[in-house]
Visitor: 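Before anything else, here's the structure in question.
Treat the numbers as computed from the prediction; the structure is a model and nothing was measured. Excluded from the calculations below are hydrogen atoms, water molecules and symmetry mates; all remaining heavy atoms, backbone and side chain alike, are included.
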Amino acid sequence: MRLFTDDNIAVACIWAEARGESQDGKTAVAEVIRNRMRRKYFSHGDVVSTVFWPYQFSWANTDNKWRADVFNLDNSDGLVRRCFDAWVADEHTDLTHGAVLYANVDLIVKLGWQMPSWAHDDKRTATVGNHSFFRD
């Protein structure tokens with residue numbers, strides 16, 4: 001028996017990446033996970049390899065302070081349930097228009113970080129909440 005289910009891993013990723021976003025924002029992150037799985041984009045096509053592929057989802061990076069928090073999530077928490085709802089809803093949505101990448105562009109600019117090389121306006125497919133979504 002697997003200790004961590006695919007659904008729980010995806011929900012943890014959505015919580016870590018989009019917990020402060022609207023429901024559409026959470027669903028959009030779920031779409032990116034599924035789009036990456038379908039295309040095997042930095043993924044073997046399953047949830048685990050998609051979410052934990054090195055340097056793809058910032059919460060899973062070893063230097064991210066939120067990384068351990070996902071192991072304390074509780075299914076009875078309303079925010080966690082909304083992340084699960086986003087994961088399930090994604091099977092019927094296309095808010096990102098097939099995006100496989102996203103970034104909080106305003107935060108990157110505000111903090112003076114380097115913009116990802118793939119974050120170009122001509123590759124932007126959507127903006128949902130604080131995240132801009134991109135095709136590769």
Visitor: Show the nearest heavy-atom pair for residues Val47 and Ala10, with the distance to one decimal.
Guide: CG1-N, 3.9 Å
Visitor: Looking at NZ of Lys26 and CZ of Arg19, how far apart are the two atoms once the value is rounded to the nearest 0.5 Å?
Guide: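 Rounded to the nearest 0.5 Å, the NZ-CZ separation comes to 10.0 Å.
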Visitor: Tell me, do Phe57 and Ile33 make a side-chain contact under 4.5 Å, heavy atoms counted?
Guide: yes
Visitor: Please list all pairs passing the salt bridge (charged side-chain N to carboxylate O under 4.0 Å, His left out) test where one or both residues lie in residues 27-37, with sequence neighbours left out.
Guide: Arg34-Asp90, Arg34-Glu91
Visitor: If a pair satisfies side chain to side chain donor-acceptor pair (under 3.5 Å) and one of its residues is in residues 125-136, list it, with sequence neighbours excluded.
Guide: Glu21-Asn130, Tyr41-Asp136, Arg124-Ser132
Visitor: Just to verify, what does Asp46 make a side-chain hydrogen bond (donor to acceptor under 3.5 Å, both in side chains) with, not counting sequence neighbours?
Guide: Ser49
Visitor: Work out which heavy atom in Ala16 is nearest to a heavy atom in Val70; give both atom names and the distance.
Guide: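 Minimum heavy-atom separation between Ala16 and Val70: CB-CG1, 4.0 Å.
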Visitor: Do you know which two heavy atoms are closest between Thr96 and Ala126, and how far apart they sit?
Guide: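 So the two residues come closest at CA-CB, 4.0 Å.
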Visitor: Could you give me the CA-CA distance, side-chain angles and deciding distance for Met115 and Val109, then say whether side-chain contact (heavy atoms from CB on, under 4.5 Å) is met?
Guide: CA-CA 8 Å; Met115 193 67 66; Val109 170; 3.8 Å; yes
Visitor: Run through Phe4, Trp59, Phe42 and flag the one making a ring pair (Phe, Tyr, Trp, His ring centres under 6.0 Å) with Phe52.
Guide: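 Filter result, single survivor: Trp59.
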Visitor: Minimum heavy-atom separation for Pro116 and Ile108, please, with both atom names.
Guide: CD-CD1, 3.8 Å
Visitor: Should Val105 and Tyr102 be counted in the same cluster of Ile, Leu, Val, Met, Phe, Trp and Tyr side chains packed under 4.5 Å apart?
Guide: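 In one cluster: no.
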Visitor: State whether a side-chain donor-acceptor pair under 3.5 Å links Asn35 with Arg38.
Guide: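 The answer is yes; a qualifying pair exists.
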Visitor: Going by the side chain to side chain donor-acceptor pair (under 3.5 Å) test, name the single residue among Asp7, Asp6, Asn8 that passes it with Trp87.
Guide: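 Looking at Asp7, Asp6, Asn8, the match for Trp87 under the side chain to side chain donor-acceptor pair (under 3.5 Å) is Asp7.
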Visitor: Supply the atom-to-atom distance Trp113 CH2 to Leu107 CG, rounded to the nearest 0.5 angstrom.
Guide: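 Those atoms lie 5.5 Å apart.
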Visitor: Under 4.5 Å between side-chain heavy atoms, hopping through other hydrophobics if needed: is there a path connecting Val100 to Met37?
Guide: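 No: no chain of side-chain contacts under 4.5 Å links Val100 to Met37.
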Visitor: State, with a plain yes or no, whether a side-chain heavy atom of Val80 is found less than 4.5 Å away from one of Val11.
Guide: yes
Visitor: How many angstroms lie between CG in Asn75 and SG in Cys83, if you round to the nearest 0.5 Å?
Guide: 11.0 Å
Visitor: About how many Å separate CG of Leu101 and NZ of Lys123, when rounded to the nearest 0.5 Å?
Guide: 8.5 Å
Visitor: Donor-acceptor pair, distance only, cut-off 3.5 Å: does the side chain of Gln56 make one with the backbone of Val51?
Guide: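 No, Gln56 side chain to Val51 backbone: no donor-acceptor pair under 3.5 Å.
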Visitor: Please answer whether the main-chain N or O of Asn64 pairs with a side-chain N or O of Asn61 as donor and acceptor at a distance below 3.5 Å.
Guide: no
Visitor: If Ile, Leu, Val, Met, Phe, Trp and Tyr residues are connected whenever their side-chain heavy atoms lie under 4.5 Å apart, and connections chain through other members, are Val128 and Trp118 in the same group?
Guide: no
Visitor: Within the side chain of Ser43, is there an N or O that forms a donor-acceptor pair under 3.5 Å with the backbone of Gly45?
Guide: yes
Visitor: Asn104: which residues meet the side-chain hydrogen bond (donor to acceptor under 3.5 Å, both in side chains) condition with it, sequence neighbours left out?
Guide: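 Testing Asn104 for side-chain hydrogen bond (donor to acceptor under 3.5 Å, both in side chains), a comparison that skips the adjacent residues, returns none.
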Visitor: Which pairs pass ring-ring contact (aromatic ring centres under 6.0 Å, His included) with one or both residues in residues 7-35, sequence neighbours excluded?
Guide: none
Visitor: Would you please name every residue forming a salt bridge (Lys or Arg N to Asp or Glu O under 4.0 Å) with Asp24, sequence neighbours left out?
Guide: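 For Asp24, no residue satisfies salt bridge (Lys or Arg N to Asp or Glu O under 4.0 Å) once neighbours in sequence are set aside.
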Visitor: Does Gln23 offer a backbone N or O that forms a donor-acceptor pair with the side chain of Arg82 under 3.5 Å?
Guide: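 Side chain of Arg82 to backbone of Gln23, a donor-acceptor pair under 3.5 Å: no, none is there.
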Visitor: CZ/Phe134 to NE2/His97 distance, rounded to the nearest 0.5 angstrom?
Guide: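 The distance works out to 13.5 Å.
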